[in-house]
Amino acid sequence: MDNLLGLLRVRVRKGINLAVRDTISSDPYVVLTMGQQKLKTRVVKNNCNPEWNDELTLSITDVNVPITLTVYDRDTLTLDDKMGDAEIDIKPYAESLKTGLENLQNGCAVKRVQPSKTNCLSVESCCVLNNGKIVQDMCLRLRNVECGEVVLQIEWIDLPGRKAFSNES
């Protein structure tokens with residue numbers, strides 16, 4: 001994979017006010033899809049406010065390829081029910097990785113991304129320096145469903161010998 005830029009660690013933290021798809025609750029899990037890659041979290045039983053805290057890692061070859069997050073309700077006897085979806089836009093995050101970190105303090109916001117019609121953010125999202133790495137916390141409003149948000153964090157992992165977003169490029 002000569003065109004591999006690096007890895008993106010996605011920490012799927014929790015769901016907030018997810019839709020009820022069973023009688024009184026849901027058994028939600030998250031699926032991340034990017035190109036041919038498909039990763040999923042564990043199922044949290046009977047909970048519309050699940051805490052997953054699962055880490056999923058995607059191989060990134062192009063920051064313009066969308067990452068789709070879809071929430072499902074696990075069903076035993078029938079197909080799993082869709083509970084909404086969102087798109088994770090990593091382009092602003094990738095831009096923040098080009099920032100020189102030499103003179104920045106831990107906790108410093110490198111970039112702020114506002115919610116808009118072109119993203120699924122429900123609140124402002126900041127790219128922040130955290131122990132020498134830039135991370136971005138996001139709260140995504142789910143689409144195609146009556147309610148629900150998913151909280152996650154993304155973090156870039158450089159491959160040995162490669163600096164995909166050095167500020168010299």
Side-chain angles (χ1 to χ4, degrees), residues 1-16 18 26-44 50-74 80-99 101 109-116 118-145 148-169:
M1 293 193 86
D2 286 339
N3 57 347
L4 185 63
L5 296 175
L7 304 174
L8 187 73
R9 177 179 295 134
V10 182
R11 292 181 184 95
V12 182
R13 300 238 192 251
K14 64 182 179 177
I16 301 170
L18 299 180
S26 292
D27 305 316
Y29 65 95
V30 171
V31 175
L32 291 181
T33 309
M34 181 184 202
Q36 300 300 312
Q37 300 175 79
K38 192 173 191 175
L39 304 169
K40 69 180 191 176
T41 65
R42 63 192 168 81
V43 175
V44 176
E51 293 203 16
W52 292 287
N53 291 314
D54 286 359
E55 290 189 0
L56 307 174
T57 304
L58 293 164
S59 301
I60 306 296
T61 56
D62 182 354
V63 297
N64 297 306
V65 174
I67 301 171
T68 303
L69 175 149
T70 308
V71 182
Y72 291 95
D73 170 46
R74 166 76 74 214
D80 293 352
D81 300 313
K82 193 170 176 185
M83 298 174 64
D85 62 84
E87 195 167 284
I88 302 171
D89 182 6
I90 65 169
K91 290 187 290 293
Y93 177 72
E95 290 170 19
S96 76
L97 294 173
K98 297 176 185 177
T99 306
L101 306 178
V110 178
K111 185 174 190 69
R112 296 180 188 278
V113 184
Q114 299 298 323
S116 71
T118 62
N119 64 39
C120 292
L121 295 173
S122 62
V123 295
E124 179 183 74
S125 175
C126 294
C127 301
V128 175
L129 183 63
N130 184 9
N131 296 323
K133 291 190 170 260
I134 296 177
V135 298
Q136 183 178 1
D137 291 305
M138 299 179 183
C139 185
L140 302 174
R141 180 173 289 116
L142 296 176
R143 307 176 292 197
N144 305 309
V145 68
E149 296 177 335
V150 173
V151 176
L152 58 87
Q153 180 185 74
I154 59 175
E155 177 184 336
W156 187 259
I157 302 170
D158 277 317
L159 296 172
R162 293 190 190 194
K163 281 277 192 197
F165 298 106
S166 70
N167 53 354
E168 297 144 14
S169 55

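Values below: all heavy atoms of this structure, side chains included; hydrogens, waters and symmetry mates excluded.
- The shortest side-chain heavy-atom distance between Ile154 and Met138 falls under the 4.5 Å cut-off.
- Residues satisfying the side-chain hydrogen bond (donor to acceptor under 3.5 Å, both in side chains) test with Asp73, not counting sequence neighbours, are none.
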Return a table of donor-acceptor pairs under 3.5 angstrom between the side chains of residues 33-41 and protein atoms on other chains or two or more places apart.
from: Gln37; atom 1: OE1; to: Ser59; atom 2: N; distance (Å): 2.8
from: Gln37; atom 1: NE2; to: Ser59; atom 2: O; distance (Å): 2.7
from: Thr41; atom 1: OG1; to: Val30; atom 2: N; distance (Å): 2.9

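- At distances below 3.5 Å, at least one donor-acceptor pair connects side-chain atoms of Tyr93 with backbone N or O atoms of Ile134.
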- Query: Step by step, would you call Val10 with Leu69 a side chain to side chain contact (heavy atoms under 4.5 Å, CB included)?
  - Reply: CA-CA 11 Å; Val10 182; Leu69 175 149; over 6 Å; no
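- Contact detail for Arg141 and Ala86: the closest heavy-atom pair is O-CB, 3.9 Å.
- Annotation: the span from Arg13 atom CZ to Leu152 atom CG amounts to 9.0 Å, rounded to 0.5 Å.
- Put simply, the side chain of Arg42 never gets that close to the backbone of Tyr29: no donor and acceptor are under 3.5 Å apart.
- Evaluation of the salt bridge (Lys or Arg N to Asp or Glu O under 4.0 Å) rule for Arg143 yields Asp85 as partners, not counting sequence neighbours.
- Between Ile90 and Val63, the closest heavy-atom pair is CG1-O, 3.6 Å.
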Given side chain to side chain contact (heavy atoms under 4.5 Å, CB included), test Leu8 with Ile67 step by step and report yes or no.
CA-CA 11 Å; Leu8 187 73; Ile67 301 171; 3.8 Å; yes
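- Of the candidates Thr61, Ile60, Asp62, Thr61 is the only one forming a side chain to side chain contact (heavy atoms under 4.5 Å, CB included) with Asn3.
- Closest approach of Cys139 to Glu149, counting heavy atoms only: SG-OE1, 3.4 Å.
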Could you go through residues 123-132 and list every donor-acceptor pair under 3.5 Å that involves a side-chain atom there, pairing it with any protein atom two or more places apart or in another chain?
from: Glu124; atom 1: OE1; to: Arg112; atom 2: NH1; distance (Å): 3.4
from: Glu124; atom 1: OE2; to: Gln114; atom 2: NE2; distance (Å): 2.5
from: Ser125; atom 1: OG; to: Gln136; atom 2: NE2; distance (Å): 2.8
from: Ser125; atom 1: OG; to: Asp137; atom 2: O; distance (Å): 2.5

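- For Ser116 (side chain) and Thr118 (main-chain N/O), a donor-acceptor pair under 3.5 Å exists by modelled atom type.
- Inter-residue side-chain proximity for Asn64 and Lys91 is flagged as met; some heavy-atom pair is nearer than 4.5 Å.
- Note: Tyr72 OH to Asp27 CG = 15.5 Å, rounded to the nearest 0.5 Å.
- Partners of Asp80 under the salt bridge (Lys or Arg N to Asp or Glu O under 4.0 Å) rule, at least two apart in sequence or in another chain, are Arg74.
- Shortest non-hydrogen contact noted between Leu18 and Pro28 is CD1-CB, 3.9 Å.
- Of all heavy-atom pairs spanning Val113 and Pro92, the tightest one is CG2-CB, 3.6 Å.
- Partners of Lys111 according to the salt bridge (Lys or Arg N to Asp or Glu O under 4.0 Å) rule, which considers only residues two or more places apart in sequence or in another chain, are Glu95.
- Few gaps surround NZ on Lys82; more than 12 heavy atoms of other groups in view lie less than 6.0 Å from it.
- Put simply, the side chain of Ser96 never gets that close to the backbone of Val110: no donor and acceptor are under 3.5 Å apart.
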Exercise for review: Decide salt bridge (Lys or Arg N to Asp or Glu O under 4.0 Å) for Arg11 and Glu55; before the verdict, give the C-alpha distance in whole Å, the side-chain angles of both, and the deciding distance to 0.1 Å.
Suggested key: CA-CA 4 Å; Arg11 292 181 184 95; Glu55 290 189 0; 3.0 Å; yes
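- The two atoms that bring Trp52 and Val12 nearest to each other are CB-O, 3.5 Å, heavy atoms only.
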